[in-house]
Amino acid sequence: EEFLSLFQARVDREEKIEPNDPMPEGYRRTLVRQIGQHAHSEIVGMLPEGNWITRAPTLRRKIALLAKVQDEGGHGLYLYSAAETLGVSREQMTEELLSGKAKYSSIFNYPTLTWADIGAIGWLVDGAAIMNQIPLCRCSYGPYARAMIRVCKEESFHQRQGYEIMMALARGSDEQKEMAQDALNRWWWPSLMMFGPHDGESAHGEQSMAWKIKRFSNDELRQKFITATVPQAEFIGLTVPDPDLKFNAETGLYEHGEIDWVEFKAVVSGNGRMNRDRIRDRKQAHDDGAWVREAALAHAAKRAASRTVPQEAAE
Amino acid sequence: EEFLSLFQARVDREEKIEPNDPMPEGYRRTLVRQIGQHAHSEIVGMLPEGNWITRAPTLRRKIALLAKVQDEGGHGLYLYSAAETLGVSREQMTEELLSGKAKYSSIFNYPTLTWADIGAIGWLVDGAAIMNQIPLCRCSYGPYARAMIRVCKEESFHQRQGYEIMMALARGSDEQKEMAQDALNRWWWPSLMMFGPHDGESAHGEQSMAWKIKRFSNDELRQKFITATVPQAEFIGLTVPDPDLKFNAETGLYEHGEIDWVEFKAVVSGNGRMNRDRIRDRKQAHDDGAWVREAALAHAAKRAASRTVPQEAAE
Amino acid sequence: MGAVAATFEMAGFRALLELADDALILGHRLSEWCGHAPTLEEDLALANMGLDLLGQARALYAHAGEIEGKGRGEDDLAFLRRERDYVNCLLVERPNGDFAATMARQLYFAAFMHPFWRAIAASSNDATLAGIAAKAEKEMAYHLRHCGEWVIRLGDGTAESARRMQAAVDELHRYTGELFEASPVREKAVADGLLPDPGTVRAEWERTIAMVFSQAGLTAPEVRVPQSGGREGLHGEDMGHLLAEMQFMQRAYPGLTW
Amino acid sequence: MGAVAATFEMAGFRALLELADDALILGHRLSEWCGHAPTLEEDLALANMGLDLLGQARALYAHAGEIEGKGRGEDDLAFLRRERDYVNCLLVERPNGDFAATMARQLYFAAFMHPFWRAIAASSNDATLAGIAAKAEKEMAYHLRHCGEWVIRLGDGTAESARRMQAAVDELHRYTGELFEASPVREKAVADGLLPDPGTVRAEWERTIAMVFSQAGLTAPEVRVPQSGGREGLHGEDMGHLLAEMQFMQRAYPGLTW
């Protein structure tokens with residue numbers, strides 16, 4: 001009990017908790033789950049965008065998209081490393097992802113149907129992720145906070161690039177403008193769902209707030225996102241697909257229509273359009289690569305063994 | 001010795017040799033090799049054309065190409081059946097193809113680079129094959145002759161379709177005409193090579209002629225092909241890529257330039273552009289399909305076993 | 001992607017496109033097997049089924065183009081629409097996978113199209129469509145028999161084939177519900193007498209599948225969330241790559257004769 | 001496919017295209033690995049190498065377009081030529097295969113391009129090309145080290161990795177001779193001082209390969225008939241499918257800005 005209050009006091013003083021610091025098991029478990037989920041999201045998130053690299057319409061866009069996906073892989077690495085500081089191994093986390101035990105952001109269970117989806121993902125999905133991640137830069141757990149600082153730098157760039165793609169389309173031919181509007185129509189609501197259930201129904205919320213893992217509530221972040229994004233859509237002449245969207249001048253907030261929580265539940269529970277394909281792709285990469293990883297280990301072992309032999313004999 | 005003369009007398013009387021008839025071992029072996037090679041050629045020949053089914057430019061052409069490739073598979077079936085009458089099994093022949101022991105027509109080691117190649121293959125490759133096959137309809141070995149009669153009917157249709165593709169291109173846009181001319185440039189000489197080495201250098205020629213397996217020499221058939229084909233090229237405004245091609249009014253034959261026998265040898269010996277890819281594709285199909293064939297056998301065995309059980313118990 | 005009102009007027013045209021796109025995409029998928037099947041006999045059978053479907057597609061597109069009355073021919077419709085305008089069901093665009101997956105996909109489709117074509121032949125007030133249906137029904141009878149036999153052979157073959165066959169069913173069953181859904185466009189076409197409600201053949205489909213699965217030792221998975229969206233042009237990620245290949249020549253050489 | 005005389009005049013342009021097409025096609029191949037590599041670290045490394053190559057391609061196409069002087073920009077050259085007009089070598093268009101094949105292909109290419117770029121940087125009379133070369137040389141040094149280490153790791157790893165690595169070498173070695181061939185166009189470009197004869201770096205390439213193979217326990221196969229033709233636009237059958245994907249958007253939506 002005293003331990004818990006001492007720990008809480010540290011957190012309240014905005015002290016960073018570091019890997020070897022004593023921490024409540026619940027705190028550790030929450031972070032393992034959340035950081036792991038975040039890492040898995042970056043990795044799985046490489047797939048919907050990776051789907052368009054071979055068809056990117058110009059060299060500049062091809063390079064930018066490949067670089068973005070590479071950055072996401074890099075984010076995954078930072079995050080897996082941060083999670084490992086809490087006593088879980090990469091292999092364990094990978095196994096949990098592939099078995100379906102660990103979750104990843106449900107947004108990546110939607111298919112990228114057109115080039116405009118690539119713009120929409122950068123603009124909306126990275127945009128929503130940034131809303132979540134900026135507060136996490138002040139997360140109480142040191143390694144996670146520092147990973148988030150690195151991630152946020154790159155993600156703002158991605159978000160601007162995505163918006164720039166949408167802008168180019170919205171200012172292009174009629175077909176390109178239709179393509180952009182169609183992508184916005186399909187990605188808007190799933191992006192809102194990225195912030196999770198309404199505050200009243202969110203399972204982990206309160207304790208995470210107390211431990212300063214979470215700084216703002218789901219609805220607060222969702223509102224920030226809408227407030228930032230709607231003017232961006234209007235600026236390029238696109239319409240947010242919500243007939244109930246209305247700016248309330250008194251509150252300074254947007255009222256929006258009801259989120260389809262049935263769809264959200266379906267996608268989160270493994271029944272979205274691409275859930276099985278995503279896991280199958282990751283599993284295939286893992287299985288196909290087993291012989292490579294085994295060879296690397298075997299080679300390293302051979303090298304280690306040869307280094308214990310007297311130098312003359314080794315040469 | 002007497003046996004050999006009796007056999008030769010039958011052949012000279014244009015009698016058909018049937019599967020259970022006594023025959024010289026050399027005769028049997030020659031036919032096994034030739035019919036096997038012919039069957040393998042049909043099967044491997046499905047690959048260069050199959051390469052364009054998913055990109056065929058119209059529904060009509062897509063259907064025609066798929067039907068052509070299906071016909072070729074059917075030809076392979078007739079021919080494997082004919083070879084099996086001589087005491088060799090399909091499995092054995094398949095093993096010899098995949099191990100590189102058995103040959104197939106080297107023409108199929110060339111890649112299909114454009115849609116016009118599909119026209120060129122029908123026009124030139126089927127055209128050359130027909131030159132070879134029409135005499136084979138009168139081959140002394142009954143099953144082979146009958147298989148050839150069935151094959152020739154369909155192959156004439158394929159040849160006309162190929163020519164029709166070339167005609168449509170030659171009468172199309174400048175780019176289409178260039179595409180057709182380029183395909184002719186690339187497939188002409190390999191098609192001439194389909195008739196094999198010059199008569200003086202052909203290993204099997206004389207004995208095969210005596211046994212009426214072969215009716216015309218390589219050069220005779222090659223000449224027939226050139227005579228038939230050059231006017232067809234001229235009719236659609238394409239130029240045969242042979243600056244030495246010259247019609248000799250006295251002989252009624254075409255003189256043609258030197259065939260590049262170095263290239264021929266390279267391709268025949270496994271070093272053409274697509275040799276390894278063709279065998280790899282066939283091997284992959286075979287290996288990937290092993291579990292299917294095993295399951296079919298297992299299922300058939302189960303059914304056979306259950307039929308020996310009294311009817312009541314089986315129901 | 002056009003306004004719903006416009007497509008409602010064009011309900012007959014859109015309903016024909018649904019049938020044609022199903023046939024084209026599935027025929028295209030089968031044609032990918034060419035030269036790669038487990039046996040030579042199966043190379044021929046798969047090509048045969050592919051040819052049936054492509055032939056149906058051709059007839060349907062030609063007729064749809066006439067109904068639309070805007071001068072679009074069979075190739076314009078087959079090759080020159082945007083991905084979001086293809087209205088095939090999700091089942092037919094699924095990748096071939098292994099031979100078990102291809103047989104499962106074909107069984108599911110044929111077990112539906114066989115009675116559906118029969119019902120169209122019997123009741124459509126469109127003589128051309130009824131004619132297409134009469135021929136297609138016979139073709140699908142063969143597909144049903146051929147693939148049903150294979151599903152049984154594989155389901156009750158070796159341990160490996162049974163594993164693969166069940167995996168195929170586990171993967172694909174979720175796409176079958178869409179076969180019986182009537183999009184608003186199809187409901188209007190039903191009301192107009194062009195074709196019957198696909199839901200009317202569901203019982204027969206279920207009996208056929210149950211009978212085959214019983215002999216094959218297969219279990220249909222419980223599908224909590226049936227997958228659909230194809231009829232609204234909401235496909236998976238494989239469709240774009242399929243169309244890039246299929247449409248390439250028409251896109252790279254626009255407006256030419258082949 | 002144009003007349004040889006015309007291309008001879010355009011030797012500098014054509015020589016730049018050879019370099020650019022090599023970089024584009026190989027970069028595109030590497031990008032296909034994205035999200036499918038054996039480890040996360042390799043996903044990043046493969047993407048990194050792909051980005052280097054695509055960046056080189058972009059700079060080379062831009063410069064080539066200027067030299068050609070007909071108003072064709074980097075995307076016109078990269079996306080809008082016919083297959084027969086791409087002049088990359090055959091090695092770079094080979095399918096990725098397994099990780100061993102990808103590492104072998106990259107090792108072979110980097111072991112050539114590293115010294116070749118160095119020689120271009122040192123001797124080209126084209127300042128832009130020399131600048132591209134100076135940067136590319138550094139990039140290829142990393143590719144060479146990274147892939148050389150992997151070839152050793154796999155060649156001297158497990159029995160399976162050694163088998164796969166040797167199989168990759170057996171498959172790909174036949175495509176390496178083409179790297180040193182000087183097409184007539186390239187010979188003219190050499191004579192004009194644009195770049196050096198590729199044959200001059202052959203000895204270094206052979207030493208590099210021999211050193212890596214020796215540590216990896218690999219044997220280079222005897223190649224009786226080196227494969228070539230890429231510089232004349234005579235590719236294998238994989239190239240057409242690669243281009244259908246890569247060019248699709250530019251073909252389907254001609255003349256637009258993205």
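Here is how names work: the chains are called A, B, and so on, in the same order as the sequence lines, proteins then strands, and each is numbered from 1. None of the values given here were measured: they were computed from a predicted structure.
Taking a cutoff of 4.0 Å between a charged side-chain nitrogen and a carboxylate oxygen, B/Arg276 and B/Asp281 do not qualify as a salt bridge. Between B/Glu164 and B/Arg61, at least one side-chain nitrogen of the basic residue sits less than 4.0 Å from a carboxylate oxygen of the acidic one, meeting the salt-bridge criterion. A salt bridge does not link B/Asp71 to B/Lys68: none of the charged side-chain nitrogens sits closer than 4.0 Å to a carboxylate oxygen.
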Walk me through it: do D/Arg224 and D/Arg174 pass the test side chain to side chain contact (heavy atoms under 4.5 Å, CB included)?
CA-CA 8 Å; D/Arg224 273 173 289 139; D/Arg174 71 197 61 237; over 6 Å; no

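For D/Leu234, the parts lying near chain B are the backbone and the side chain together; criterion is any non-hydrogen pair under 4.5 Å. With a 4.5 Å cut-off on non-hydrogen atoms, D/Glu83 touches chain B through its side chain but not through its backbone.
For the set D/Pro226, D/Gly236, D/Gly233, the count of heavy-atom pairs under 4.5 angstrom toward chain B peaks at D/Gly236. Chosen from B/Arg186, B/Arg55, B/Arg280, the residue pairing most often with chain D at heavy-atom distances under 4.5 Å is B/Arg55.
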